[in-house]
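Lettering follows sequence order; numbering is per chain, from 1.
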Amino acid sequence: MSLPTHQIPAGAGVSFPRVVRSEFIKLRTLRSTWILLGSMLALFIAFGVIAALASTGQINDARGGPPQSLGLDPVTTVLTGAGFALLIMAVFGVLSGAREYGSGMIRTTLTFVPKRLPVLWAKVLVLIAFVLPVVILAGIGAFYLGMAVLSAAGDETASLSNSSAQRVLIGLAGYITGMAIIGLALGLAMRSMPGAIATVIGGVLILPALLTALLPESWRSVLKYLPSNAAAPFTEVNVRADLLALVPGIVVFVGWVVLSIAVAAWLFARRDA
Amino acid sequence: MIEVRNLTKQYGSVTAVDDISFTVSSGQVTGFLGPNGAGKSTTMRMILGLDRPTGGSVLVNGSPYRNSCAPVHEIGALLEAKGFDKARSARNHLIGLAASAGIGTARVDEVLALVGLSDVAKQKAGGFSLGMGQRLGIAVALLGDPGIVMLDEPVNGLDPDGVLWIRTLLRALADEGRTVFLSSHLMTEMELIADQLIIIGRGKILADTSMTQFIESWSSNRVRVMTSDVAALQGVLADRAQAFERDHHGALIVTGLHAAQIGQAAYEAGLVVLELTPLAVSLEQAFMELTKDSLQFHTGEVAA
Ligand SMILES: Nc1ncnc2c1ncn2[C@@H]1O[C@H](COP(=O)(O)OP(=O)(O)O)[C@@H](O)[C@H]1O
Ligand SMILES: [Mg+2]
């Protein structure tokens with residue numbers, strides 16, 4: 001005798017929009033998400049304001065001597081906090097890629113979405129949705145507040161209609177979001193937060209300097225293809241002459257992002273969870 | 001229905017599951033019994049497509065789990081590891097997972113009530129006791145109102161209250177006509193709940209039988225006889241019995257014959273039977289007997 005098969009209600013089941021919604025809820029319901037986004041916003045703006053105050057001489061250096069001119073253009077000055085924002089968002093990316101491995105949650109997730117890759121694409125989309133708006137907001141906030149400080153002191157300022165200001169603001173938003181995605185890819189591929197955080201930070205901060213010191217002169221030209229150097233043409237006001245031009249820089253950086261996600265996807269789809 | 005066909009899993013040089021085949025039929029409680037390290041969890045992970053088989057295949061309701069359009073509506077699972085993020089509340093954990101399957105918050109609150117976690121639903125799961133964590137895992141398994149419920153060692157580490165609760169719940173799920181597949185390393189757990197029994201040791205299936213048959217085949221094997229002339233009875237039974245032993249009271253223990261056959265033979269030989277007792281082997285003993293060769297860690301012989 002065969003029992004009636006269990007009925008699955010009409011409309012039930014997995015779809016990509018549902019997976020995206022699920023990943024969105026999962027990220028939204030973690031306090032660490034809001035702590036990291038909030039501190040990124042605060043530091044990006046605060047460092048811009050502090051750097052502006054310092055460049056106008058309103059903050060003296062620690063020895064109480066006369067303020068040193070930082071000698072930077074106003075756009076670079078007010079966006080000083082971008083480096084911190086980058087690190088915080090890279091860590092945020094790692095967290096959204098590796099966190100589920102720490103708790104065994106990944107197995108629960110993949111029981112709900114056994115096809116796996118939709119989970120990765122959803123994580124990437126949701127990460128972008130969280131990071132990009134806040135980075136743009138932080139960049140614009142730092143820009144306006146920083147410029148207000150500079151203009152109050154009668155120093156040189158730049159406006160948002162300035163084309164290099166636009167390039168750098170949009171470029172930084174893309175760069176920081178891209179590094180968050182690379183962080184996610186590393187987190188997912190390495191399945192460990194400390195390892196992936198060390199890799200992404202080491203890759204951005206330490207690797208370029210290390211390679212500059214170690215590589216023979218004739219090999220130096222490869223340095224411009226590292227993610228952080230490839231991003232320089234669209235994240236810096238005055239780009240060094242030995243780096244890539246704008247479009248090749250964008251192509252190479254996007255290439256790094258795509259490559260990291262491709263490797264993570266390949267591993268994620270094949271490995272035992 | 002779950003169909004496992006020639007399933008093998010190797011982790012490096014370790015063969016965790018070794019070419020096993022079995023079927024978990026609908027509408028029954030099937031116990032998956034085996035000592036620690038036998039391969040139960042590995043098999044369950046392969047059923048869900050979490051671990052990739054080295055060989056063989058698994059079908060859930062006729063197709064691979066990965067291909068299912070509504071996976072958690074077909075099979076709900078509780079695995080060994082906790083499987084939730086400590087920083088999230090129980091309710092948010094369920095809401096997030098439910099969203100991926102198109103399950104709404106009404107069902108989330110329903111399963112929370114079902115497992116008795118409504119009052120603590122907004123608390124962080126990290127603060128839960130082992131028993132509460134297990135209840136949360138079961139809530140996850142029941143979200144999709146699945147026809148198959150698969151639980152890996154659900155009573156492990158629970159206090160007697162928790163054990164009783166799970167047992168009652170599983171009975172209720174089975175009575176609703178669901179297929180229940182649960183693993184344990186304790187025969188005593190299975191005795192109370194399972195209709196069907198699959199015993200695994202060192203990655204190989206050692207028995208696949210109904211509980212009733214299992215009990216029958218192990219309990220009627222040995223009979224203790226007290227008679228006026230032990231040697232004469234032994235002579236009469238010699239060509240039919242498998243083995244004879246003497247216990248310290250001088251009684252004869254006959255292996256391989258039923259009590260009725262022995263009584264009949266004694267009567268025909270004119271021997272007085274003083275006592276005739278089928279020796280029931282406890283199922284725990286039977287299980288130990290079956291798996292003794294496949295234990296990973298033998299305990300040393302205790303010196304007499
Ligand atoms: N991910 C893994 N990597 C390596 N070995 C594993 C892994 N999972 C299980 N094993 C090994 O496979 C065997 C079966 O383990 P498991 O399926 O957990 O058994 P059970 O659940 O019956 O206790 C054990 O020897 C175990 O050490
Ligand atoms: Mg196990």
Measure [X] against the heavy atoms of chain A and call it side chain, backbone, both or neither at under 4.5 Å.
X: B:Leu79; result: side chain
X: B:Leu143; result: side chain
X: B:Ser89; result: neither

Please determine if [X] and [Y] form a salt bridge, counting it only when a charged side-chain N lies under 4.0 Å from a carboxylate O.
X: B:Lys40; Y: B:Asp152; result: no
X: B:Lys9; Y: A:Asp272; result: yes
X: B:Asp19; Y: B:Arg5; result: no
X: A:Lys123; Y: A:Glu100; result: yes

Under 4.5 Å, counting heavy-atom pairs only, tell me which of A:Lys26, A:Glu23, A:Lys115 racks up the most with chain B.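 Top count of heavy-atom pairs under 4.5 Å with chain B: A:Lys26.
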Given the options A:Gly13, A:Ala273, A:Gly102, which has more heavy-atom pairs under 4.5 Å with chain B than any of the others?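 Looking at each of A:Gly13, A:Ala273, A:Gly102 in turn, A:Gly13 comes out on top.
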Specify which of [options] makes the most heavy-atom pairs with chain A at under 4.5 Å.
options: B:Ala70, B:Gly102, B:Gly83, B:Gly76; result: B:Gly83
options: B:Ser25, B:Ala141, B:Cys69; result: B:Cys69
options: B:Thr179, B:Leu78, B:Asn67, B:Val72; result: B:Val72
options: B:Ile75, B:Val140, B:Asp51; result: B:Asp51
options: B:Lys86, B:Arg45, B:His93; result: B:Arg45

Is chain B contacted by the side chain of [X], its backbone, both, or neither, given a heavy-atom distance below 4.5 Å?
X: A:Pro118; result: neither
X: A:Ser32; result: neither
X: A:Arg107; result: both
X: A:Arg271; result: backbone
X: A:Val14; result: both

What's the separation between atom OG in B:Ser100 and atom CZ in A:Arg18, rounded to the nearest 0.5 Å?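 B:Ser100 atom OG to A:Arg18 atom CZ measures 9.5 Å (nearest 0.5 Å).
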Under a 3.5 Å distance rule, please check whether B:Lys204 uses its side chain to pair with a backbone N or O of B:Ile20 as donor and acceptor.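 No, B:Lys204 side chain to B:Ile20 backbone: no donor-acceptor pair under 3.5 Å.
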Tell me, please, whether B:Trp165 has B:Arg135 positioned over its six-membered ring: NZ or CZ under 6.0 Å from the ring centre and within 45 degrees of its axis?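 Yes, B:Arg135 sits over the ring of B:Trp165.
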For atom CG of B:Asp175, decide whether the heavy atoms of other residues, nucleotides or ligands shown that lie under 6.0 angstrom number more than 12.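 More than 12 heavy atoms, drawn from other residues, nucleotides or ligands, come within 6.0 Å of this atom.
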Is the number of heavy atoms from other residues, nucleotides or ligands within 6.0 Å of CZ (B:Phe22) greater than 12?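 Yes, the 6.0 Å shell around CZ holds more than 12 heavy atoms from other groups.
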Derivation and outcome, ring-ring contact (aromatic ring centres under 6.0 Å, His included), residues A:Phe84 and A:Phe47: CA-CA 9 Å; A:Phe84 287 92; A:Phe47 273 89; 4.2 Å; yes
